[in-house]
Amino acid sequence: MAPRSEEAWAWFAAVYQAVQEIPHGHVTSYGHIARLVGRPECPRQVGVCLKHLPSPSAEGSEQDPEWHSGNVPWQRVINSKGCISPRGPGGAERQAAALRAEGVEVTRGHLGEYFIDFSAYGWFPDMLPSEAADVEG
DNA sequence: GACATGACTACTG
DNA sequence: CCAGTAGCCATGT
């Protein structure tokens, strides 16, 4: 579903663009994306954008730079804790698998949580997450 | 239209 | 370290 307000649409596009800027084999957090788009206090909306990320053009409508799960590496976006929340049965697995497919080493938590080492794959061109300092070691 | 929920994060006690 | 709170937007009932 596309946003109703143009401002909201701009926000969506900004998020997708920021996500596309994530280099291959690296990951970042929702908070960082929100920060890049100028909304450091709206990490939730970032998740909403990815959640509503449309599917890749199946009919070949490559006329406009539309955002879809094919050109937006939503998989490289995880929470600030460096782990993937069990949003759904198989959802986290899909993201973890996608990251591994890029060469990102995904660890497994005791509760089945997928952990990613920010210190190794964290992509933070602007600043470093307080967690990164803690994750070290 | 209003309330509750969700792929989140930082601060406070 | 764990629990509660404030902030934004979209979706479902």
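Here is how names work: the chains are called A, B, and so on, in the same order as the sequence lines, proteins then strands, and each is numbered from 1.
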Within this structure, what is the CD1-to-P distance between A/Ile116 and B/dC8, rounded to whole angstrom? 14 Å
Write down the distance between CD (A/Glu113) and P (B/dA7), rounded to a whole number of angstrom. 12 Å
Whole-Å distance, A/Leu50 CG to C/dT11 C1', equals 16 Å
Report the distance from atom CZ of A/Arg76 to atom P of B/dA7, rounded to the nearest whole Å. 22 Å
Nearest-neighbour nucleotide for the A/Pro43 side chain, B/dG6, B/dA7, B/dC8 considered: B/dC8
When rounded to the nearest Å, what value does the distance between P atoms of B/dA4 and C/dT5 take? 14 Å
Taking C/dG7 as the reference, what is the distance to B/dA7 when you measure between their P atoms (whole Å, please)? 22 Å
Atom pair distance, as rounded to whole Å: NE2 in A/His52 and C1' in C/dG12: 10 Å
Any idea which of C/dT11, C/dG7, B/dA7 is nearest the A/Arg44 side chain? C/dG7
Here the pair of heavy atoms bringing A/Trp11 nearest to A/Val46 is CZ2-N, 3.7 Å
Distance in angstrom units between A/Trp11 CH2 and C/dC8 C1', rounded: 8 Å
Trace of the side-chain contact (heavy atoms from CB on, under 4.5 Å) decision for A/Gln75 with A/Glu102: CA-CA 10 Å; A/Gln75 63 211 38; A/Glu102 297 198 347; 2.9 Å; yes
Distance (rounded to the nearest 0.5 Å) between A/Arg44 CZ and A/Tyr30 OH: 11.5 Å
Which of the following nucleotides, C/dT11, B/dA7, C/dC9, is nearest to the side chain of A/Gln45? C/dC9
